[in-house]
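Order of the sequence lines sets the chain letters (A, B, ...), proteins ahead of strands, with each chain counted from 1. Just so it is clear, the model here is predicted, and its values are computed rather than measured.
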2 protein chains.
Amino acid sequence: MTAKRNTKQKSAIEEAFTNIQRPLSPTEVCDLARKQVPRLGIATVYRAINEMVEEGLLRPVDLPGQNTRYEKAGLHHHHHFHCSSCDKVFDLEGCFLKKDLNLPKGFDVIQHDITLTGHCPDCNHDF
Amino acid sequence: MTAKRNTKQKSAIEEAFTNIQRPLSPTEVCDLARKQVPRLGIATVYRAINEMVEEGLLRPVDLPGQNTRYEKAGLHHHHHFHCSSCDKVFDLEGCFLKKDLNLPKGFDVIQHDITLTGHCPDCNHDF
DNA sequence: CTAATTGCAAACAGTTTGCAGGCGT
DNA sequence: ACGCCTGCAAACTGTTTGCAATTAG
């Protein structure tokens with residue numbers, strides 16, 4: 001039989017995603033989880049995250065020019081906002097894609113990704 | 001005085017972008033340019049590309065989960081199509097962003113990126 | 001001639017993997 | 001006690017940088 005184990009490192013990693021409700025990078029997760037497991041290795045974070053992706057608990061969030069972040073799976077279709085000041089990523093409800101794309105013949109669209117970049121509410125009042 | 005030189009490696013690199021009218025990765029550029037300069041080093045390609053970006057001749061094209069590609073600068077606003085079969089990237093004319101975004105208060109959008117993913121015309125008839 | 005440019009290899013950052021010891025079960 | 005899991009270090013990929021040799025002007 002398999003025999004998946006419950007370890008404090010995995011719990012700490014899962015908790016990071018529960019506590020912070022926005023896409024997190026492996027480094028962010030590691031920093032957060034180290035508050036509970038100080039000697040936590042980054043490799044363990046990667047292994048745990050990849051497992052959780054396989055199990056369908058997490059979803060990778062790839063943004064242009066950014067390292068992969070991860071967020072809880074099962075959220076309904078949405079897009080992302082990337083703050084160029086604090087580098088945080090936020091979920092934005094709803095779909096921003098135009099209805100009528102009018103593409104050249106032969107392009108078969110399976111998926112679309114939209115990223116808005118700018119300043120988030122927290123950073124905005126610095127300007 | 002400065003003293004920018006014309007070398008066959010730079011010409012070969014520039015020609016790659018002139019001959020192939022779609023965003024190219026440094027590796028693609030290197031492979032293409034090596035047809036003319038077989039001993040061309042990848043570091044030279046990176047250096048030339050970065051210079052051309054500084055000079056405003058090229059523009060970086062970052063797509064989710066992909067290495068940076070580059071395309072000639074000065075094209076008017078457009079978006080990109082990424083073929084998941086052949087991994088090529090194509091420019092698509094026009095803007096696909098909805099007019100009325102209706103974001104939560106405080107999010108200040110400076111820029112947006114849209115990537116469509118699917119099969120390109122060449123790959124499409126394999127299905 | 002002489003300094004910008006190249007090619008190679010070493011240095012880096014992010015991610016993955018191998019392995020010996022640690023720890024759930 | 002068994003063997004999954006962790007931490008560390010080594011391996012890897014994409015990109016940048018240092019340096020001696022090459023070469024454009």
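With A/D108 contributing its side chain and B/H119 its backbone, the two residues share no donor-acceptor pair below 3.5 Å. Not a single donor-acceptor pair under 3.5 Å links the side chain of A/R59 to the backbone N or O of A/K72.
Whole-Å rounding puts the A/I49 CD1 to D/dT6 C1' distance at 15 Å. Regarding B/K10, its NZ atom lies at a distance of 11 Å from the P atom of C/dA4, rounded to whole Å. Distance, B/D62 CG to D/dG14 C1': 13 Å, rounded to whole Å. The separation between A/D31 atom CG and C/dG14 atom P is 12 Å, rounded to whole Å. Between A/N50 atom CG and C/dG14 atom P the separation is 16 Å, expressed in whole Å. If you take CG of B/L40 and P of D/dT22, they are 18 Å apart, rounded to a whole angstrom. As rounded to whole Å, 12 Å separates atom C1' of C/dT6 from atom CD of B/E51. Rounded to whole Å, the distance from CD on B/E14 to P on C/dT5 is 12 Å.
Note on A/I42: nothing from the nucleic acid sits closer than 4.0 angstrom, heavy atoms only.
For the residue pair B/T44/B/K10, the side-chain donor-acceptor check at 3.5 Å is not satisfied. For the residue pair B/H80 / B/T115, no side-chain donor-acceptor distance below 3.5 Å is found, with atom types taken as modelled.
For the OP1/OP2 pair of D/dC4 and a distance below 4.0 Å, the side-chain nitrogens and oxygens of A/K4 include no atom meeting the criterion. Regarding contacts with the backbone of D/dT13, every side-chain N or O of B/N67 stays at 4.0 angstrom or more from both OP1 and OP2.
The existence of a salt bridge linking B/K88 and B/E28 is excluded, since no basic side-chain nitrogen approaches an acidic carboxylate oxygen closer than 4.0 Å.
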Tabulate protein N/O versus nucleotide N/O from nucleotides 18-24 of chain C, keeping only pairs under 3.5 Å, one per line.
from: C/dG18; atom 1: O6; to: A/R47; atom 2: NH1; distance (Å): 3.1
from: C/dG24; atom 1: O3'; to: A/N6; atom 2: O; distance (Å): 3.4
from: C/dG24; atom 1: N2; to: A/R5; atom 2: NH2; distance (Å): 2.9

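Taking all atoms of both residues into account, the shortest heavy-atom contact from B/V89 to B/H82 is CG2-CD2, 3.9 Å.
When the nearest nucleotides of DNA chain D are assigned to A/R39 and B/P26 by heavy-atom distance, the more 5′-ward of the two goes with A/R39.
Note: A/H79 and A/H112 meet the aromatic proximity criterion, with ring centroids under 6.0 Å apart.
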